[in-house]
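Structure first, then comments.
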Amino acid sequence: MLNLTNNQKIWKTIQLIPSGKVATYGQIADLSGLPGRARLVGKALSSAPQELNVPWYRVLRSTGQIAFPVGSEQSKKQTGYLQQENVAVFNNRVKLKNFQWQPDLGELLWKLEF
DNA sequence: CGACTGACGCCGA
DNA sequence: CTCGGCGCCAGTC
């Protein structure tokens, strides 16, 4: 019930990913002050309330791969959302080199301040 | 309490 | 590129 602290940090961090850009699970974990705990990010997303409108589809694996199996409904939906923001998805993956979010740490400190 | 399970990640073979 | 193995950790059973 009150384990919300970590989840909230994660959700809040993901909210900062700008449209047209993506981030990886590990990246979000680090920025949320939870280094090495990428799995928690996935966990947090799976239990994220609809009301928060968390842009979960902007979070990918460290390889740029969509975390869901190719062809799955989830994968298709995620691909759709991304392409809607002009993020190119090829073979269930995105080229991080071109679309990975590179936040300004100073600004993050201002917006997140844990 | 132990075993298993993930929307993960990194390294070595 | 594919596997296997290990680290990580909150939940579940």
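Residue numbers start from 1 in every chain, and the chains themselves are labelled A, B, ... in the order their sequence lines are given, proteins ahead of strands.
Heavy-atom nearest nucleotides on DNA chain C were determined for A/P35 and for A/R93, and the one closer to the 5' end corresponds to A/R93. Nearer to the 5' terminus of DNA chain B, by closest-nucleotide assignment, is the contact made by A/K43 (compared with the other of A/K43 and A/G26).
Between the C1' atom of B/dA7 and the CG atom of A/L45 lies a distance of 7 Å, rounded to the nearest Å. Put simply, CG on A/N6 is 14 Å from C1' on C/dG11, counting in whole angstrom units. Going from atom CZ of A/R37 over to atom P of C/dA10 covers 7 Å, rounded to whole Å. Taking atom CG of A/L40 as the reference point, atom P of B/dG6 lies 16 Å away to the nearest angstrom. Between the CD1 atom of A/I28 and the P atom of C/dC8 there is a distance of 21 Å, rounded to whole Å. In this entry the distance linking CG of A/L34 with P of C/dA10 reads 10 Å, nearest Å. The distance between atom NZ of A/K77 and atom P of B/dA7, rounded to the nearest whole Å, is 15 Å. Distance A/R39 CZ to C/dC8 C1': 7 Å, rounded to the nearest Å.
Under the 3.5 Å distance criterion, with hydrogens and angles disregarded, a donor-acceptor pair is assigned to the side chains of A/S32 and A/T13.
The neighbour count for A/K12 NZ, taken as heavy atoms of other residues, nucleotides or ligands under 6.0 Å away, does not exceed 12.
Within the 4.0 angstrom heavy-atom criterion, only backbone atoms of the sugar-phosphate kind lie near A/S62; the bases stay farther away.
Here A/R61 reaches the OP1 or OP2 of B/dC8: one of its side-chain N or O atoms lies under 4.0 Å away.
Comparing B/dG9, C/dA10, B/dA7 by their closest approach to the side chain of A/F68 singles out B/dA7.
To the nearest 0.5 angstrom, A/K111 atom NZ is 6.0 Å from A/L16 atom CG.
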Item checked: Verdict with reasoning, A/N92 to A/S75, per side-chain hydrogen bond (donor to acceptor under 3.5 Å, both in side chains) -> CA-CA 7 Å; A/N92 212 52; A/S75 168; 2.6 Å; yes
